[in-house]
Amino acid sequence: MLPTSTPTTGLTDEAVANSRVEYGQNSLSIKARSGLVVILKEVFTEPMFLLLLAACALYVGLGQLAESITLIVALVLVATISIYQSIRSDRALDALRELTQPRVRVRRHGEQVGVLVQELVVGDAVLIAEGERVPADGIISEANDYSVDESILTGESMSAAKKPGDGLFSGTITVSGSAWFTVSAVGGQTKLGQIGHSLATIPTEKTPLQRQISLFVGQMAWIGFFAFALVCGVNYTRSGDWVTALLFGLTLAMSILPEEIPVAFSSFMALGAARLSRAGVLTKQPQTVESLGSATVICTDKTGTITQEGMSVRQLYDGTTSKLVSLPGELSYTAQSVLAYARWASETTPFDPMEKAIIEAFSTAFADIDPTTIADTYPMLHEYPLAGTPPMMTHVRKAPTGEVIVAGKGAVEHILAVCHPEPAKVDQIRRVTQTLSRDGLRVLGVARGTYLTPNFPADQDGFSWSFLGLIALENPPKPNAKAVIQAFVDAGIQVKLITGDFSETAQAIARQTGLPYADTLLTGGQIMAMDELTLRQQAGQTAVFARMFPEAKLRVVNALKANGEIVAMTGDGVNDGPALKAAHIGVAMGKRGTEVARQAASLVLVDDDLGNMVEAIAQGRKIYQNLKKAIAYIVSIHIPIILTVAVPLLANWRWENLFSPIHVIFLELVMGPTCSIAFENEPAEPGQMQQPPRRATETFLAGRELGRSIVQGLGISGAVLGVYYIAMQQGESVAVVRTLVFATLVLSNMLLTLVNRSFTQSIVKTIRIPNPILFLMVGLTFGLLLATLLVPATRQLFGFAPVSASALGWCGLAALIGVGWIELYKAVRLTKATE
């Protein structure tokens, strides 16, 4: 029950500012002194930057001033691009962290307002309620049935009851009730801060794809090192010049290192997370974006997730007359008693949708009772919180007449168990409950209690209970629920409904929303009675799970994971925490969700709309597709650069060292933005949400995906080396051969960018799909190529010679052949797919 008042008016703005100056920020983690300093350090220690620096030093040693200046400019450009990418990603992540920062309710200037946890100061009056994490140390001033889990500090698994005057500690979790407390310590001065345990600095484990990328880049770095040593050795053996040998060794090492891959990955994940936040889905870790495309099962809650947030009392069963009464409508005296006791068993100021619906029905039926005076006219004497399996709750109130009212409501099974009606009556009540549940109504039992001793019993079951009746509440599906579930099904994702409600109610809602296999059902009790092997089999075949409790939910999630499924799980309560944490993708509700649920989850649906989850999965699939295109492009274009440097040297061609670091860095400057900016902006391919989820073990850094990229790279290599060899055999000078080979390679890069926009659609279709950034990059690349060929100063710098338009035409044809074969491959695949 939330307190309606607090003895303090709270702090003023001036007092808040003074307290923050004196005691500091309410943050356990220490931020870096300067984000830019960290970024610069990362940029200046990148392998590519260091290789460029070494090449620049060699040019200075050779006295080649123009080349030295060019590489200095290249160094600045590489650093600028890297810094821009890092700042862009960091800004996206900072905005995301701001959105996912927990908020608390405080009293300031006599008003209750919401502030970020880190903005709390010593002296603040804070309201904390069930499911929320205590944000700072403090002293309780008012408590209502309040208890906390202090296991993070004490290791004690049992919750501790708290009363006014007791201390609260940062990081502990509210288990029940609510309280106002005054902050006594923040940040590092809290008990949690003093023992050096920061929840904000828990390390994040790398995802499988991150590990694969790190391994791939590491392997390529070793290959680059050995290639560098080999080229240096061969060049030195033939020329006897160590400086020249080092220069061409660096050229090959630069061409091998695929540093764009980790940059592309981090950019795609950060910007993808930012896009999801704009769609109403907050990701606590950007890497979660990677998992979305592979989700195979979604376990969804019912109330407030696929059903509407609000509830209403639609029918009432009078246990005295054994009659069903529709609401709103005329109520007999005994029917009024059922509704009245349901109201007394509810919180004075409720936050639960069912209790709000009961109070609304009560206010309609008892218009003469002012709902704002309930706390005064029917004050709470004692409260028994929701307890038992299935649960029940009890309130003891004092009526204006002096009568003590003992009112209980909860699961029908629990109410029947404590009331002990006649067997025939029990059968009738259960039949009515099943009938109401089949109509999709949520059914609660209502009972009146009495006691013989002067003191209240320790447990609510200790009262002497009599059955009054049933309350049937309507919680219809959301308007978009059926479409959302169909979207999941179309995407090849299984949907499983997991709820604590009755079996009949759960299946009724499942049928109304078009859930496949809605007739398959398991209850929490059945799940706990199964062995692991049986549960794994049954969990995969069942769509509806009813009368569920935390342990049963956790067993279902683990069973699905053991079956090889990638599980997304939605939840909003404290008890959903274990299942949310265990799922591959925990999804908490933004409005209804408790702080514990949001902390345990990896995604937060801001508007509690499962439809946003469809958008999140679509975005996840698009991001993964585009990342796949970018990395395929990177791998493919690196192969001809490597072979163009290595093959002539190892094969002892006449012109064996065409390229220098200047040529490679030109290509690097083109490739970096293309893969990490242009491909990230690529629209989703049609039909992606009609495809089955990708396998979690699938990677584009091995198997068929990598094989295709290598073949693409070899095709371009064949075209480039063909131009190289033919021009050399025709007796062209080294400058002309260099010009033609470089032009062929750059034109191939441009065509590869366009071809890799889709692995299923032809370039004829994709060329009409808008992506201004990608077309800008292709146009810019072509403009830079023309500048190197036509502007005398740059032509001389690159060591090029004037060539005819027809010669460049042959270069374009070679590039078209080297890249264009993939279009024939697509056409064959499409033909086979349609047969």
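These numbers come from the heavy atoms of this one structure, side chains and all, not from hydrogens, waters or symmetry mates.
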Main-chain N/O of A582 paired to K561 side chain as donor or acceptor, under 3.5 Å: yes
Main-chain N/O of G319 paired to K425 side chain as donor or acceptor, under 3.5 Å: yes
Full working for side-chain contact (heavy atoms from CB on, under 4.5 Å) between M354 and I471: CA-CA 10 Å; M354 288 190 296; I471 294 285; over 6 Å; no
If a pair satisfies salt bridge (charged side-chain N to carboxylate O under 4.0 Å, His left out) and one of its residues is in residues 468-487, list it, with sequence neighbours excluded. R314-E474
Hey, does E615 have a side-chain heavy atom less than 4.5 Å from the side chain of V281? no
Out of curiosity, I493 CD1 to I298 CD1, how far, rounded to the nearest 0.5 Å? 5.0 Å
When you measure from the side chain of R555 to the backbone N and O of I527, does any donor-acceptor pair fall under 3.5 Å? yes
Start with the C-alpha distance between L316 and L324, add both sets of side-chain angles, then the distance that settles side-chain contact (heavy atoms from CB on, under 4.5 Å), and finish with yes or no. CA-CA 6 Å; L316 181 151; L324 274 172; over 6 Å; no
Can you name the nearest heavy-atom pair linking E347 to I359, along with the distance? O-CD1, 3.8 Å
Here the gap from R105 atom CZ to Q112 atom CD, rounded to the nearest 0.5 Å, amounts to 6.5 Å
Any chance CD of Q541 has more than 12 other-residue heavy atoms, nucleotides or ligands included, within less than 6.0 Å? yes
Pairing residues for P423 by the side-chain contact (heavy atoms from CB on, under 4.5 Å) criterion, not counting sequence neighbours: none
Which residues share a ring pair (Phe, Tyr, Trp, His ring centres under 6.0 Å) with Y517, sequence neighbours left out: none
Examine distances only and state if a side-chain atom of S178 and a backbone atom of I128 form a donor-acceptor pair shorter than 3.5 Å. no
Centres of the W465 and Y451 rings: under 6.0 Å? no
Nearest 0.5 Å please: distance from the CD1 atom of I140 over to the CZ atom of F181. 8.5 Å
In the structure I gave you, are the side-chain heavy atoms of I429 and Y317 within less than 4.5 Å of one another anywhere? yes
Return yes if a side-chain donor-acceptor contact under 3.5 Å exists between R430 and T435, otherwise no. no
What's the separation between atom OG1 in T305 and atom CG in L605, rounded to the nearest 0.5 Å? 8.0 Å
To the nearest 0.5 Å, how far apart are CG in L522 and CE in M528? 13.0 Å
I'd like to know if the side chain of Q460 and the backbone of T394 have a donor-acceptor N/O pair within less than 3.5 Å. yes
Residues two or more places apart in sequence or in another chain: which of them pass side chain to side chain donor-acceptor pair (under 3.5 Å) with Y146? T174
So do T307 and P476 actually touch side chain to side chain, heavy atoms under 4.5 Å? no
Locate the shortest heavy-atom distance separating I405 from A399; write the atom from each residue and the value. CD1-CB, 3.8 Å
Please identify each residue that fulfils side-chain contact (heavy atoms from CB on, under 4.5 Å) with A506, with sequence neighbours left out. L497, T499, V544, A546
Could you tell me if R397 sits above the aromatic ring of Y378, with its cationic atom closer than 6.0 Å to the ring centre and no more than 45 degrees from the axis? no
Which atom pairs, one a donor and one an acceptor, fall under 3.5 Å between side chains of residues 406-419 and the rest of the protein, sequence neighbours left out?
{"from": "K409", "atom 1": "NZ", "to": "A345", "atom 2": "O", "distance (Å)": "3.1"}
{"from": "K409", "atom 1": "NZ", "to": "E355", "atom 2": "OE2", "distance (Å)": "2.7"}
{"from": "E413", "atom 1": "OE1", "to": "R547", "atom 2": "NH2", "distance (Å)": "3.3"}
{"from": "H414", "atom 1": "ND1", "to": "P390", "atom 2": "O", "distance (Å)": "2.8"}
{"from": "H414", "atom 1": "NE2", "to": "D461", "atom 2": "OD1", "distance (Å)": "3.1"}

Verdict with supporting geometry, E551 and K553, side-chain contact (heavy atoms from CB on, under 4.5 Å): CA-CA 5 Å; E551 296 82 4; K553 290 181 182 180; over 6 Å; no
Check whether any side-chain heavy atom of I585 lies under 4.5 Å from a side-chain heavy atom of M569, and answer yes or no. no
The criterion is salt bridge (charged side-chain N to carboxylate O under 4.0 Å, His left out); which residues satisfy it with E360, sequence neighbours excluded? none
Minimum heavy-atom distance between G165 and I139, given as atom pair plus value: O-CG2, 3.8 Å
If every non-hydrogen atom of L339 is compared with every non-hydrogen atom of A361, which pair is closest and at what distance? CD2-O, 3.7 Å
If you apply the rule side-chain contact (heavy atoms from CB on, under 4.5 Å), what do you find for F488 with M613, and how did you get there? CA-CA 9 Å; F488 286 134; M613 191 65 184; 4.0 Å; yes
Residue list, salt bridge (charged side-chain N to carboxylate O under 4.0 Å, His left out) with D166, at least two apart or on another chain: K163
Rounded distance [0.5 Å steps], CZ in F545 versus CD in Q526: 10.5 Å
N480 side chain vs A483 backbone, donor-acceptor pair below 3.5 Å: no
Only counting residues at least two apart or in another chain, list the ones meeting ring pair (Phe, Tyr, Trp, His ring centres under 6.0 Å) with H382. Y384, F456
Would you say the side chain of T570 lies within less than 4.5 Å of the side chain of I498, judging by non-hydrogen atoms? no
Under the 3.5 angstrom rule, does the side chain of K398 hit a backbone N or O of L381 as a donor-acceptor pair? no
By salt bridge (charged side-chain N to carboxylate O under 4.0 Å, His left out) - contacts of R511 (at least two apart): D519
Evaluate the criterion side-chain hydrogen bond (donor to acceptor under 3.5 Å, both in side chains) for residue pair K356 and S346; output intermediate values, then yes/no. CA-CA 9 Å; K356 288 181 178 179; S346 301; over 6 Å; no
Just by modelled atom types, is the V148 backbone N or O under 3.5 Å from a matching donor or acceptor in the T172 side chain? no
Just jot down the side-chain contact (heavy atoms from CB on, under 4.5 Å) partners of T320, sequence neighbours excluded, or say none. D318, T334
Could you check whether any side-chain heavy atom of T450 comes within less than 4.5 Å of a side-chain heavy atom of F463, counting everything from C-beta outward? no
Under 3.5 Å donor-acceptor, K162 side chain and G167 backbone: yes
Can you check whether H395 reaches W344 side chain to side chain, under 4.5 Å on heavy atoms? no
Write down the atom of G611, the atom of V484, and the distance for their closest heavy-atom approach. CA-CG2, 3.5 Å
Which pair of non-hydrogen atoms, one from A136 and one from L120, has the smallest distance, and what is that distance? CB-CD1, 4.4 Å
Just to verify, what does E504 make a side-chain contact (heavy atoms from CB on, under 4.5 Å) with, not counting sequence neighbours? Q434, S437, R438, F502
Under 4.5 Å between any side-chain heavy atoms of T520 and Q538, yes or no? no
